[in-house]
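Report on one structure; see the data block that follows.
Quick note: numbers below take in every heavy atom, side chains included, and nothing from hydrogens, waters or symmetry partners.
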Amino acid sequence: MVASASAVLLAETRRKPGRVLLTGLAVIVATVFAAGTTLFSETLRGYLTEGDVVTPEAAAVVVDASRLDVYDEEAAAELLGGIEELDGVAEVVGVWGSTATMTANGTSGEWSVASDPMAGPLSRLEAPEEGRLPAGPGEVAITEVTAQRTGLAAGGTLTIPEDDYGEPERTYTVTAVVDEPPRRAGQNELFALVDDVVGVNGWLKQVDVAAAPGTDPAELAARVGEVVDHPDAVVTGEEQRTEEGEEAAETVTAVLVGVGVFAGLAVVAAAVVVASTFRIVLTQRRTQLALLRCVGAQRGQLIRAVLAEALVTGVVAGLLGEVLAMLAGQGLLAAMRSSGMTDVPDLVVSWPMLAGVLLVAVLTTVVAALAPAFAAARIPPVAALGTAGAGEVGAPRPVGRLVFAGVLVVVAVGLAAVGTSSDGSPLESMLAVAVSGMAAFAAVIAAGPLLVRAIGATVGRLVALVAGGPGRLATANAAQVPRRTAATISVLSLGVGLTSALLVALATVQAGAEQQIDAQFPAEVVVGATDPSSAEAFAEQLSADDRLVVRVEGDNLLVDPAPGADVAAVRAAVEQAAAESEDLLTVGVAGEARAEMENELSIASLIGLGLVGMTLLVAVVGVGVTLMLSVTERVRETGLLRAVGLSRPGVRMMVALEAGVSGTGAAVLGVVIGAIYGRLAVSALGLDGGPSALPVLQLVGLVAAVVVVAMLAAMIPAVRAGRVPPIRALQEA
């Protein structure tokens with residue numbers, strides 16, 4: 001009989017495949033996001049890891065010179081000479097590094113300096129598209145990022161000013177701009193020959209050793225270890241490259257953990273939608289399930305049969321989602337290449353990880369179907385004799401739900417208090433806040449049917465007042481089956497809550513950053529001098545320009561544009577004067593700091609909204625699917641409404657307003673919870689150095705957008721409901 005019950009339900013699935021697709025649509029969307037996250041993670045990991053592996057492939061052995069007693073050029077030459085004399089050594093190159101204060105285009109700053117042989121297999125630089133690699137003293141190559149930041153190009157110059165120890169000013173010529181990934185974020189970088197790096201107080205960082213043909217790298221590493229008298233400082237080149245890649249991978253992993261959290265939330269949202277849709281589908285098949293009970297099917301057999309159907313749904317939806325994710329990934333990379341972008345990586349597909357995503361999709365679907373399956377198993381055989389009680393109508397038991405929701409709220413408050421305390425690390429604090437948010441969301445799910453009543457009594461009354469008869473019917477429909485409406489509200493509130501939390505967090509961080517910039521830049525341009533006398537002298541020089549308003553505070557000059565003066569012209573005048581001055585001056589521009597801050601926040605906003613948008617998409621799909629199935633469930637009821645005079649536009653408006661009522665309640669609830677947790681997240685990360693900010697217009701726009709999108713998602717179900725003829729009421733009677 002187990003096989004018979006399963007066969008009947010699976011036959012129904014084959015007869016109506018669209019129902020399976022509707023049930024699994026939310027899983028498909030969530031799987032696309034989860035699989036896409038996996039593909040993105042592996043592709044980005046491979047790309048960034050490749051960029052951070054700097055040791056050349058030709059280096060068979062690497063010596064960590066920082067662990068050796070090499071303090072000057074003479075000791076380094078002795079070390080390199082001893083290694084070069086070993087059998088099996090083809091070439092030895094010392095990699096030197098340093099930092100130096102340099103001036104480029106009138107702006108001074110700390111630069112990272114590294115040596116390179118500029119030729120041969122142990123060179124770390126590729127041939128530039130323009131210019132040539134340095135070939136003599138005073139010639140340097142800079143990275144593309146540095147060139148963009150400083151405005152330098154091949155043929156440009158930069159200088160090291162005269163220092164207090166009598167070292168004369170030195171000028172370097174840029175001969176090439178190389179396509180190299182930044183080694184130190186935010187710092188300008190250049191490459192030069194060894195003598196120039198040693199000349200700026202460079203130190204030996206690493207020794208790369210190329211092996212002669214036929215030499216075993218492990219054996220050569222052992223011999224090199226004996227020569228340097230420090231075997232622990234010597235590894236093979238492959239070991240060194242692996243270590244560099246793992247360090248890069250750790251950074252990537254830390255970033256992608258956050259992306260994975262959003263993918264997990266999308267899966268949770270999909271589970272709520274699947275549970276709701278399974279409950280509706282099984283309610284519609286109440287007579288069929290009761291007939292199976294009549295012919296001898298036991299409750300356990302029905303449960304297993306329903307779970308078998310869920311298993312099939314999960315497998316189909318998961319596979320389809322992964323195929324769509326791979327097609328989208330290939331399409332995105334192809335579009336990037338066709339737009340002229342270079343260095344676009346190939347899509348990295350990790351089949352074991354995709355298998356894990358498929359397993360999660362299947363388990364999510366099966367677990368989500370558990371509660372509906374147990375509910376279906378409780379259908380009595382007598383239900384097959386008529387249609388009475390075929391709906392999912394029923395008032396929720398309020399006491400148990402309220403108690404459970406109250407416990408979850410207490411847990412959420414406690415975890416939020418732990419997360420905002422100053423005892424733990426930012427990661428631990430953020431984890432506590434995140435778990436607190438999940439507990440709050442679980443409380444919304446637990447109290448969902450009761451919240452439906454509150455929404456009906458507030459939003460529903462307003463809708464009924466404005467829209468008349470269709471509005472009253474929409475409110476009644478939403479309250480008629482509270483569990484179904486609660487599922488829609490819960491999953492929508494999750495998406496809205498994430499979005500509003502992100503908006504509040506970004507607004508708060510921006511307000512704090514602007515406050516810091518205002519404190520750091522009391523004027524449009526701030527010039528730092530070595531001492532107050534230099535500041536006074538430079539201020540006197542600048543005061544001759546009537547476009548500038550200059551004042552001195554200590555060893556800083558504060559320069560603002562005069563009324564009517566152009567800010568860009570003022571900045572150019574100050575930078576030119578600073579470049580011509582013999583004193584060491586640093587120029588900071590408030591506009592640059594604000595532009596950089598706004599750029600970083602806009603990037604974070606785009607990435608964050610893209611991530612939470614997937615959860616919102618799952619929620620909107622849930623609204624459409626739930627309404628589509630509920631319209632099918634209410635064919636007789638809709639026919640009766642048509643029979644008593646409700647027009648087709650009235651039916652369509654009723655269904656759309658039902659989605660609007662749910663969307664409004666979910667949006668308001670999500671915005672309130674999200675705003676609270678956005679502020680808590682900023683506090684947990686220690687970014688609340690400024691005043692709290694509430695982007696009211698953005699949040700109001702979010703509420704309006706969610707209501708509109710929810711009503712648009714109801715368009716197809718609304719059209720379908722409007723087509724129900726009045727005669728169907730008599731046929732179903």
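Looking at S123 and D116, their side chains do bring a donor and an acceptor atom within 3.5 Å of each other. Using a 3.5 Å distance cut-off with no hydrogens or angles, the side chains of E110 and T101 do pair a donor with an acceptor.
We find the CG-CD distance between L122 and E91 to be 4.5 Å, quoted to the nearest 0.5 Å. Interatomic distance, E139 CD to T175 OG1, rounded to the nearest 0.5 Å: 5.0 Å. Remark: N105 CG to L158 CG distance equals 9.0 Å, nearest 0.5 Å. Rounded to the nearest 0.5 angstrom, W111 CH2 and T103 OG1 are separated by 10.0 Å. In this structure, CG on L506 lies 8.5 Å from CD on Q698, to the nearest 0.5 angstrom. Residue E169 holds its CD atom at 5.0 Å from OG1 of T159, rounded to the nearest 0.5 Å.
Two residues are said to be in side-chain contact when any heavy atoms from C-beta on lie closer than 4.5 Å; R170 and V200 meet this criterion. A 4.5 Å side-chain heavy-atom check between L204 and L79 finds at least one atom pair inside the cut-off. Using a 4.5 Å heavy-atom threshold, the side chains of V207 and V93 count as separate. Side-chain contact between T508 and R679 is present, with heavy atoms from C-beta onward closer than 4.5 Å. Under the 4.5 Å side-chain criterion, counting only non-hydrogen atoms from C-beta, P695 is in contact with V504. Residues Q240 and D208 fail the side-chain proximity criterion, which asks for heavy atoms closer than 4.5 Å. The shortest side-chain heavy-atom distance between M102 and Y172 falls under the 4.5 Å cut-off. Here the side chains of V174 and T157 are not in contact, with every heavy-atom distance at 4.5 Å or above.
Taking both residues in full, the closest heavy atoms of L125 and M118 are given as CD1-SD, 3.9 Å, listed atom of the first, atom of the second, then distance. The two atoms that bring G94 and S115 nearest to each other are O-OG, 3.6 Å, heavy atoms only. The shortest heavy-atom contact between E126 and L133 is O-CD2, 4.2 Å. P121 and P56 get closest at one heavy-atom pair: O-CB, 3.7 Å. Closest of all the heavy-atom pairs between A192 and V140 is CB-CG1, 3.9 Å. Heavy atoms only, all atoms of each residue included: R124 and Q206 are closest at NH2-NE2, 3.1 Å.
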Using distance only, find each side-chain donor-acceptor pair of residues 224-238 under 3.5 Å and give its atom names and separation, not counting sequence neighbours.
residue : atom : partner : partner atom : Å
T236    : OG1  : E239    : N            : 3.2
T236    : OG1  : E239    : OE1          : 3.4

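Atom CD of E73 has 12 or fewer heavy atoms from other residues, nucleotides or ligands within 6.0 Å.
Under the side-chain contact (heavy atoms from CB on, under 4.5 Å) rule, L152 has a single partner from T146, I142, V177, which is I142.
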Carefully, step by step, assess D560 and R551 under the rule salt bridge (Lys or Arg N to Asp or Glu O under 4.0 Å). CA-CA 9 Å; D560 282 307; R551 63 187 189 275; 3.2 Å; yes
Going through the distances and angles, do F191 and T143 end up as a side chain to side chain contact (heavy atoms under 4.5 Å, CB included)? CA-CA 8 Å; F191 301 92; T143 64; 3.8 Å; yes
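Salt-bridge annotation for D87 and R223: absent, with no side-chain N of the basic residue lying under 4.0 Å from a carboxylate O of the acidic one.
With sequence neighbours left out, T215 forms a side chain to side chain donor-acceptor pair (under 3.5 Å) with no residue at all.
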